[in-house]
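Only one structure is covered here, and it is reproduced in the block below.
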Amino acid sequence: MRTLWMKSALIAAGSLLAGILTNAMNPFGITLADLAVHLRGTTTQKISIEEAFFLLEDPATIFLDVRRDGEFRIDHVPGAVSLYPPGAVRLLRPPPEREAVRLILYDFGGRGPAVRKAFWTLRRAGFHGVFALEGGFAAWLDRGYPVREGDVY
Amino acid sequence: MSGGWRYIARRVLGLGFGFLLLFAAMDKLLYPAVFAESVENYQVIGAGLSLFVAVWLPAFEALLGLLLVAGVWRREAAFLNAALMTGFFILIVQAFIRGLDVECGCFGAGSSSIGFWKLLENAGLAAAAFILFRMEAGRTSSPETFP
């Protein structure tokens, strides 16, 4: 019985060490720099549909569509850029004026994993003004806000 | 159950849980920040502890999975696996009772939402994990151990 507890404790401690090491080596891991953001809440920063709509003409705001390529081709927020395949987000490099850039991510329902993965990947890449569109593209359509149809990137 | 069948059942369960844990750990290891969000959504622990869990738990699952697949420290791995599955079941039950509309985060981001079937699935996993632990615990103390 004693061996059972000792070995179990060893496995738990070993995995903690392994977890810290893999997180440190992971380019998308949790960094000390992001810790302050995480401690305010691990959830992604959100932006309301109304606020996002008012930023539609703002040149410093970019809408990023993380839905599948086919869905983007049908319709999307005007001026949005498709981030499909999802791995493409890793290729984005922040411009020198990254503090001024505001990125608004959206999927269809506003709760999908692609938005959250893209959010933290972009934060790790050095973009600070990253937001997830509350309610996603579905809420955008519900409000009757403009959409662009067709194969435009 | 005869010794031979008992051995086969033990290994099948061990390998099944081993590969399941390895699969479950993959997405969480790659995106710990996203997993931290899933943990916090359960509204049981705060942001700080969620981050700790997001760093530790995927590595714990991966290590348990490796031990169960390799057949090393099987009794201890089965014990921790049973404790882990019970913990997950309790977490799902409390979320279900409170009516939280969250995705389970069981296999990383994009996992299915909490509902009756998720509850049943986790109850089954916890029961199977206990059976595996009973088998592994009996292996060392029973004179009928096979092979």
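Lettering of chains follows the sequences in order, A, B, ..., and the numbering in each one begins at 1.
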Ordered numerically, the heavy-atom neighbours of chain B under 4.5 Å found in residues 53-60 of chain A are none
Point to revise | Pairwise side-chain contact, Tyr31(B) with Thr121(A), heavy-atom cut-off 4.5 Å (strictly under) | key: yes
Using the rule that Ile, Leu, Val, Met, Phe, Trp and Tyr join whenever any side-chain heavy atoms are under 4.5 Å apart, tell me whether Leu91(B) and Val93(B) fall into a single cluster. yes
Turns out that what part of Leu63(B) lies under 4.5 Å from chain A's heavy atoms comes down to side chain
Honestly, the part of Leu57(B) sitting under 4.5 Å from a heavy atom of chain A is neither
Cut-off 4.5 Å, heavy atoms of chain A, and the answer for Pro58(B) is neither
| Check against side-chain contact (heavy atoms from CB on, under 4.5 Å), Arg75(B) and Thr3(A) | CA-CA 10 Å; Arg75(B) 193 168 61 122; Thr3(A) 330; 4.3 Å; yes
* Asked: Under a single-linkage definition using a 4.5 Å side-chain heavy-atom cutoff for Ile, Leu, Val, Met, Phe, Trp and Tyr, are Leu84(B) and Leu22(B) assigned to the same hydrophobic cluster?
  -> no
Here the gap from Trp73(B) atom CH2 to Leu10(A) atom CG, rounded to the nearest 0.5 Å, amounts to 4.5 Å
Fill in: Working for side-chain contact (heavy atoms from CB on, under 4.5 Å), residues Asp27(B) and Lys117(A)
CA-CA 10 Å; Asp27(B) 196 75; Lys117(A) 284 180 178 176; 2.8 Å; yes
Check: Is Phe116(B) linked to Leu100(B) within one hydrophobic cluster, defined over Ile, Leu, Val, Met, Phe, Trp and Tyr using a side-chain heavy-atom separation of less than 4.5 Å?
Finding: no
*Under a single-linkage definition using a 4.5 Å side-chain heavy-atom cutoff for Ile, Leu, Val, Met, Phe, Trp and Tyr, are Met85(B) and Val69(B) assigned to the same hydrophobic cluster?*
no
For residues 11-25 of chain A, which side-chain N or O atoms pair as donor and acceptor with protein atoms under 3.5 Å away, sequence neighbours left out?
residue  : atom : partner  : partner atom : Å
Ser15(A) : OG   : Ile11(A) : O            : 3.1
Ser15(A) : OG   : Ala12(A) : O            : 2.8
Ser15(A) : OG   : Trp56(B) : NE1          : 3.0
Thr22(A) : OG1  : Ala18(A) : O            : 2.9
Thr22(A) : OG1  : Gly19(A) : O            : 3.1
Asn23(A) : OD1  : Ile30(A) : N            : 2.7
Asn23(A) : ND2  : Ile30(A) : O            : 2.9

task = Would you kindly confirm whether Leu20(B) and Leu29(B) end up in one hydrophobic cluster when ILVMFWY residues are joined by side chain heavy atoms under 4.5 Å apart?
result = no
Across all chains, not counting sequence neighbours, the side chain to side chain contact (heavy atoms under 4.5 Å, CB included) partners of Ser8(A) are Leu4(A), Glu76(B), Phe79(B), Leu80(B)
The ring-ring contact (aromatic ring centres under 6.0 Å, His included) partners of Phe131(A) (sequence neighbours excluded) come to none
